[in-house]
Amino acid sequence: MSGLQISYFEASARKRLSGLLDADSFTEFCPPEMRQTSPHLALLDAPVAFDDGVIVGRATLSGYPVLIIAQEGRFFGGSVGEVHGAKICGLLAKALSERPVAVLLLADSGGVRLHEANAGLIALSEIVRAALHVQAAGIPLFAFIGGSCGAFGGMGIVTRLCAEVVMSEQGRLGLSGPEVIETVKGVDEFDSRDRALVWRITGGKLRRALGEATLLVDDLIPAFRTAAIHLIERYQAQPPVPDELDILLAAQANLAKRRARFDGARDGREIWQDFFAEPSRVPEMTVAEFNRQAGVPP
């Protein structure tokens, strides 16, 4: 299997970048040789990474200029600390001056880095503000979720602020992660060891059925690349309308309807009943079959 034809879920952040972007087009900002490591982790004698678990830079994708953020879920679960957050905020600020066709966020994070507490929370709030500024300036932010950590906590919020969200079935998206829910509410409320349950509630298929993910793709790096190019070309052909108040109110009304519709649902299978003739088959469906039966684009 070629370097491109590998699992997005299993790949490192740098491997995802190498397969997603045009060859030899990536320029990294604040690379590992600068050794901008977390001072908080050092004080705790905890392991550090020379990129602090996130890679930022510029590149081209099918010839289009983009800025890109790739979180490394293998380093403290892709958690956001002071340096990690500063790198993301710096990249988003750079988007305002460089004006790429899009900013790509390869999210793979459980949220705030607990070792850094308030510094991490402040960093996440700054990322939220920067993401809103970028999109208000007419630069779309696209999120891609398919890593082992998914996108939870503050990064789950950032992801839902993006113009588009691309997920694989293996990707997960939510606010509180399964382990957090289990710790706070008990295993009877949510058994984080039940992998099938976790994916039915937070996984890509449910998020796509609910409309929280724009596209559901296969767990291959080229599938994510194809989706990114598709979104860029679509936005180039027809720039989006800014989110005026009436658009936001309509979106809020739709969320209220959805909550009422699924208020009693305790499992993804109960929601799938509204979309599929055979909801029990959804977990075994291929992405193509899922998209076809759900009536959504491939």
Side-chain angles (χ1 to χ4, degrees), residues 8 16-17 19-23 25-27 29 55-71 88-108 127-146 151 155-168 171 173 204 207-208 210-218 220-252 254 287 291 294-298:
Y8 187 98
R16 291 168 190 160
L17 288 177
L20 192 75
L21 303 169
D22 295 345
S25 71
F26 181 63
T27 299
F29 306 144
I55 307 157
V56 297
R58 76 164 66 88
T60 60
L61 180 58
S62 192
Y64 293 103
V66 298
L67 293 182
I68 191 162
I69 302 158
Q71 295 180 295
I88 295 175
C89 285
L91 188 283
L92 293 172
K94 199 167 188 64
L96 296 176
S97 59
E98 292 203 0
R99 300 200 64 82
V101 298
V103 177
L104 312 182
L105 169 61
L106 279 56
D108 195 7
I127 292 170
V128 167
R129 179 171 56 187
L132 292 173
H133 283 170
V134 166
Q135 298 200 104
I139 304 165
L141 182 55
F142 302 149
F144 301 83
I145 307 175
M155 287 310 300
I157 295 173
V158 173
T159 295
R160 291 293 286 123
L161 292 175
C162 293
E164 308 282 349
V165 178
V166 179
M167 295 183 70
S168 64
L173 172 62
R207 296 306 179 195
R208 182 64 191 96
L210 290 173
E212 294 174 356
T214 303
L215 296 172
L216 183 73
V217 300
D218 286 312
L220 288 173
I221 292 176
F224 280 85
R225 174 181 165 88
T226 298
I229 295 170
H230 166 76
L231 291 175
I232 288 172
E233 292 179 341
R234 195 179 84 195
Y235 273 64
Q236 288 294 292
Q238 187 174 0
V241 177
D243 284 339
E244 301 292 347
L245 180 59
D246 58 338
I247 295 176
L248 295 175
L249 290 174
Q252 179 62 34
N254 286 332
V287 168
N291 287 332
V296 298

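Here the structure is a predicted model, which means the values were calculated and not measured.
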Side-chain donor/acceptor of Glu212 to backbone N/O of Gly204, under 3.5 Å:
no
Check: Thr60 main-chain N/O paired with Ser25 side-chain donor or acceptor under 3.5 Å
yes
Name the orientation class of the two ring planes belonging to Tyr8 and Phe224 (parallel below 30°, tilted from 30 to 60°, perpendicular beyond 60°).
parallel
Which atoms form the tightest heavy-atom contact between Glu164 and Leu231, and what is the distance?
CB-CD1, 3.7 Å
Closest approach of Leu105 to Cys162 (non-hydrogen atoms, all atoms of both residues)
CD2-SG, 4.2 Å
Any donor-acceptor pair under 3.5 Å linking the side chain of Arg208 with the backbone of Thr214?
yes
Could you give the distance from SG (Cys89) to NE2 (His133), rounded to the nearest 0.5 Å?
11.0 Å
Are Ile232 and Gln236 close enough that some pair of their side-chain heavy atoms sits under 4.5 Å apart?
yes
Could you tell me whether the side chain of Leu92 reaches within less than 4.5 Å of the side chain of Ile69, counting heavy atoms only?
yes
Could you report the tightest heavy-atom contact between Val103 and Ala95, atom names first, then the distance?
CG2-CB, 3.7 Å
Counting C-beta onward and ignoring hydrogens, is there a side-chain heavy-atom pair between Asp108 and Met155 closer than 4.5 Å?
no
If we only count heavy atoms from C-beta on, is the Leu215 to His230 side-chain gap below 4.5 Å?
yes
Please find the pair of heavy atoms, one from Pro100 and one from Ile139, that lie closest to each other, and give the distance.
O-CG2, 3.7 Å
For Leu67 versus Phe29, what's the shortest heavy-atom pair and its separation?
CD2-CE1, 4.2 Å
Hey, does the side chain of Ser97 reach the backbone of Lys94 with a donor-acceptor pair shorter than 3.5 angstrom?
yes
Find out whether Ile68 and Phe26 are in side-chain contact, i.e. whether some heavy atom of one side chain is under 4.5 Å from a heavy atom of the other.
yes
So, Arg207 side chain and Val165 main chain: donor-acceptor pair closer than 3.5 Å or not?
no
I want to check something: taking the side chain as every heavy atom from C-beta on, are Asp22 and Tyr64 in contact at a cut-off of under 4.5 Å?
no
The single option from Leu21, Leu91, Thr27 passing side chain to side chain contact (heavy atoms under 4.5 Å, CB included) against Arg58
Thr27
Heavy-atom pair of closest approach, residues Ser168 and Leu216
C-CD1, 3.7 Å
Check: Leu106 and Leu17 side chains under 4.5 Å, non-hydrogen atoms
yes
Do the non-hydrogen side-chain atoms of Phe142 and Val166 ever get within less than 4.5 Å of each other?
no
I need the Leu173 CG to Ile145 CD1 distance, nearest 0.5 Å.
4.5 Å
Value for CG (Leu132) from CG (Leu141), rounded to nearest 0.5 Å, stands at 9.5 Å
Let me confirm one number: the CG-CD distance from Leu245 to Gln252, rounded to the nearest 0.5 Å.
11.5 Å
